[in-house]
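So you know, we letter chains A, B, ... as the sequences are listed, proteins then strands, and number each from 1.
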Amino acid sequence: MNVTLSLMPAKTLPKITTISEFPNNPKTLILEQCKTIKDINQIHTHVIKTGLILNPSAVENLLESTALVLRSMDYALAIFNQVQQPQPEAYNILIRGFNLNQNPEKAILLFKQMKENCIEPDKYTFSCILKSCSILHGLQEGKQIQAHTMKSGFGSSGFVQNTLIHMYANCGKIDIARRVFDEMSEREVITWNSMFAGYTTSSCWEEVIKLFQEMLKSDFGFDVVTMISVLTACGRLGNLELGEWLSDYIVENGLTGNLNLITSLIDMYAKCGKIDVARSLFDKLPRRDVVAWSAMISGYSQASRCREALDLFQEMQRENIEPNEITMVSVLSSCAVMGAFEIGKWCHFFVKKKRIKLTVTLGTALMDFYAKCGSVENSLDVFKKMPVKNVLSWTVLIQGLASNGEGRKALEYFSQMRIRNIEPNDVTFIGVLSACSHAGLIDEGREFFVSMNRDYGIDPRIEHYGCMVDIFARGGFIIEAYQFIKNMPMEPNAVIWRTLLASCKVHKNVEMGEESLRQLVKLEPAHSGDYILLSNVYASVGRFEDATKIRSEMRQKGIKKTPGCSSIEIEGGLHEFFAEDSAHPKSVEIYDAVEKMMKRIKSAGYVPNIAEARLDAEEDEKESSISHHSEKLAIAFGLIKTSPGTTIRITKNLRVCSDCHIATKTISKVFNREIVVRDRNRFHHFKDGCCSCNDYW
DNA sequence: GATCGAAGGA
């Protein structure tokens, strides 16, 4: 047979001149040259015309190109259906193709069809079909296949057992996976790697390390895949020692050219707190894919170096690397922490524009971002649009509603969550309890606290006790809160006492305030905020002398206020200010803008009640001469007391609104709509007072 | 042909 391939376009298949070459080296030729269905179609026509359709190897190569390279399962099935007696190899290719195309159900159907047609599966078939079960999380199906492998005599095949480990681990049965591993008489590196992968999917990081040590002891050589698994575990556990050992191994063995390996190394260093080492590795990479960028960005984000995370994201875009949903999760999480509302909104727009898949994780990150920036409506909107939601999404929603002053609505969603059979976890209850606290629902709070253990088997942690103290104290039941602390099964920490102390100011309870500070001094003697809080308790009942005394006591003890860092976002630009920092290029501009705004607000006939704020401001000016403008502005507004980590967001609308005839509306509405103040991780909305912290202005 | 990398909430 010596037929010229006249149907082949010369540019796609330049090397093929005669069909006689085709069966000899079909794989490389077809796999490498076929770029489109049209190419396949041409070869397919020839295979039929020339009778090669009867040649199993030619058909298999054609199927491989169609199902595995071009991933066109419809076309692959069409070819397959023309074959009169398909061999197991042909079935295997189709099964693999269905797995690759995330269609394991069809793979299983094909396997059944194979049995009906009395075609005996081989070890590869079992391996492929176990993978289908693994993707489907079909434990029962997997077990049936395992029984089948035993009967067919393939039970001891390495291929089968490796996938079996993977299948059991993916179905959450890590113990059975380990049993398969332990019972294997001969292990290969892949076997060990399958077990590492199993532990990785189950987040059993310690087990990865233990198994790796076993591997080293048994003098078994490891490979790049092993190192990637172990490095991931080192990152999760903060095991820098082993991580560095592997790092040295990689350098000594000249493996630094492997991008995947170095990406794991970057991730490990970042998670172990060596973010700058991670960065220098990242900078040295000759080529960076989206995973490498994402690893570095998430490294900064998790190290709370959010500014650098956002800067790197910008750089990534300049390099024209397309971010994926995972990149966006880290970027949005950084925006949430920084309160970078405009940047985060842009990210949301970007996600929609690029049709980046709204996964549960991405959706939840978006929700969290909106909630933390005070835009709970947008957070809810994202939640409603999410195709898949999990306990984390519901928790973020409840938490977001609660911290934005919508406690009752948060509890309604908690009921919804229960109706839909989503099992709440310990963190969900923190949201639920803080919702009760914000809504002033003391009895409900008490009931939820009991219920979390009684009905859900969740032991309350110190954070849950803290929420209860907050519920009692905020509701004005200071004594009950104190009794509750005294009856706690664990030692109260500073946060608990601080919660009580903060409420003492609102409810003007000097005695409990003093007791709280006594306890606080034992736990954290140098925490400046606690002294300020007690001083405010005194001031709240008019004992200004005592207030001053506390502050001078603080000075005598040499306790300094933490330098404040604030940020202002104006039209998408984020400006950070530290105490004593007057050098920010935008500071004068911002100050001027807000001055003007103040004038307009005043000329609209509104005089803010800033007496208390002014008192504090003068105190602070004397004590630590805080000079950064953002905090001054906040003080001027009477919105907040100076405290580190404050974000004041001045949106574009605020300026517009002072110009756009909104002056007829009450100024509190303008404030409510336009100004949101974030103090650390708590959001403050100002209606008549702040619904988060009971502060009135 | 079986194994591997980055990810959200308090």
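Nearest to the side chain of A:S264, among B:dA7, B:dA2, B:dG5, sits B:dG5. Proximity note for A:N390 (side chain, C-beta onward) versus B:dA2, B:dG8, B:dA6: the nearest is B:dG8. Considering only the side chain of A:A197, B:dT3 comes nearest among B:dA10, B:dA7, B:dT3. Side-chain proximity of A:H166 to the nucleotides B:dG5, B:dG1, B:dT3 is greatest for B:dT3.
At a threshold of 4.0 Å, the pair A:R305-A:D276 counts as salt-bridged, since one of the basic side-chain nitrogens sits closer than that to a carboxylate oxygen. Using a cutoff of 4.0 Å between basic side-chain nitrogens and carboxylate oxygens, A:R178 and A:D182 are scored as salt-bridged. Looking at A:E207 and A:K210, a side-chain N of the basic residue comes within less than 4.0 Å of a carboxylate O on the acidic one, giving a salt bridge.
A heavy atom closer than 4.0 Å to some atom of DNA chain B occurs in A:D289, A:V291, A:S294, A:S298, A:Q302, these being the qualifying members of residues 283-305 of chain A. Only A:E188, listed by number, bring a heavy atom of residues 177-189 of chain A to less than 4.0 angstrom from any atom of DNA chain B.
As rounded to whole Å, 13 Å separates atom C1' of B:dA10 from atom CG of A:D470.
Aromatic ring pairs are classed by plane angle as parallel below 30°, tilted from 30° to 60° and perpendicular above 60°; the pair A:W394 and A:Y413 is tilted. Between A:W245 and A:F222, the ring-plane angle classifies as tilted under the 30° and 60° cut-offs.
Using a 4.0 Å heavy-atom cutoff across all strands shown, A:K389 reaches no nucleic acid atom at all. At a threshold of 4.0 angstrom between heavy atoms, the contacts of A:T232 are confined to the sugar-phosphate backbone, with no base atom among them. Within the 4.0 angstrom heavy-atom criterion, base atoms lie near A:V427. Residue contacts for A:K131: at a heavy-atom cut-off of 4.0 Å it reaches the sugar-phosphate backbone alone, with no base atom in range. Contacts of A:V360 with the nucleic acid, taken as non-hydrogen atoms under 4.0 Å apart, include base atoms. Counting any heavy atom pair closer than 4.0 Å across all strands shown, A:T361 reaches a base atom. Using a 4.0 Å heavy-atom criterion, one finds that A:Q399 contacts the sugar-phosphate atoms exclusively. Residue-level contact check: A:N260 touches the bases, meaning some heavy atom is under 4.0 Å from a base atom. Residue-level contact check: A:S434 touches neither bases nor backbone, having no heavy atom under 4.0 Å from any strand.
Between the side chain of A:N193 and the base of B:dA2, no donor-acceptor pair of N or O atoms lies under 3.5 Å.
With hydrogens and angles left out, the side-chain atoms of A:S264 and A:D267 include no donor and acceptor closer than 3.5 Å. Using modelled atom types, one finds a donor on one side chain and an acceptor on the other under 3.5 Å when comparing A:N324 with A:T327.
Under the ring-ring contact (aromatic ring centres under 6.0 Å, His included) rule, A:Y91 has a single partner from A:F111, A:F98, A:F80, which is A:F80.
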Without placing hydrogens or testing angles, list every side-chain donor-acceptor pair under 3.5 Å for residues 122-133 of chain A, not counting sequence neighbours.
| unit_1 | atom_1 | unit_2 | atom_2 | d |
| --- | --- | --- | --- | --- |
| A:D122 | OD1 | A:N92 | ND2 | 3.1 |
| A:D122 | OD1 | A:Y124 | N | 3.1 |
| A:D122 | OD1 | A:T125 | N | 2.8 |
| A:D122 | OD1 | A:T125 | OG1 | 2.7 |
| A:D122 | OD2 | A:N92 | ND2 | 3.4 |
| A:T125 | OG1 | A:N92 | OD1 | 2.7 |
| A:T125 | OG1 | A:D122 | N | 2.9 |
| A:T125 | OG1 | A:D122 | O | 3.4 |
| A:S127 | OG | A:T163 | OG1 | 3.0 |
| A:S132 | OG | A:N99 | OD1 | 2.8 |
| A:S132 | OG | A:N99 | ND2 | 3.3 |
| A:S132 | OG | A:C128 | O | 3.2 |

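Close to B:dA10, at under 4.0 Å from its OP1 or OP2, lies a side-chain N or O of A:K372.
From A:Y370, atom OH reaches atom CG of A:N378 across 4.5 Å, with rounding to the nearest 0.5 Å.
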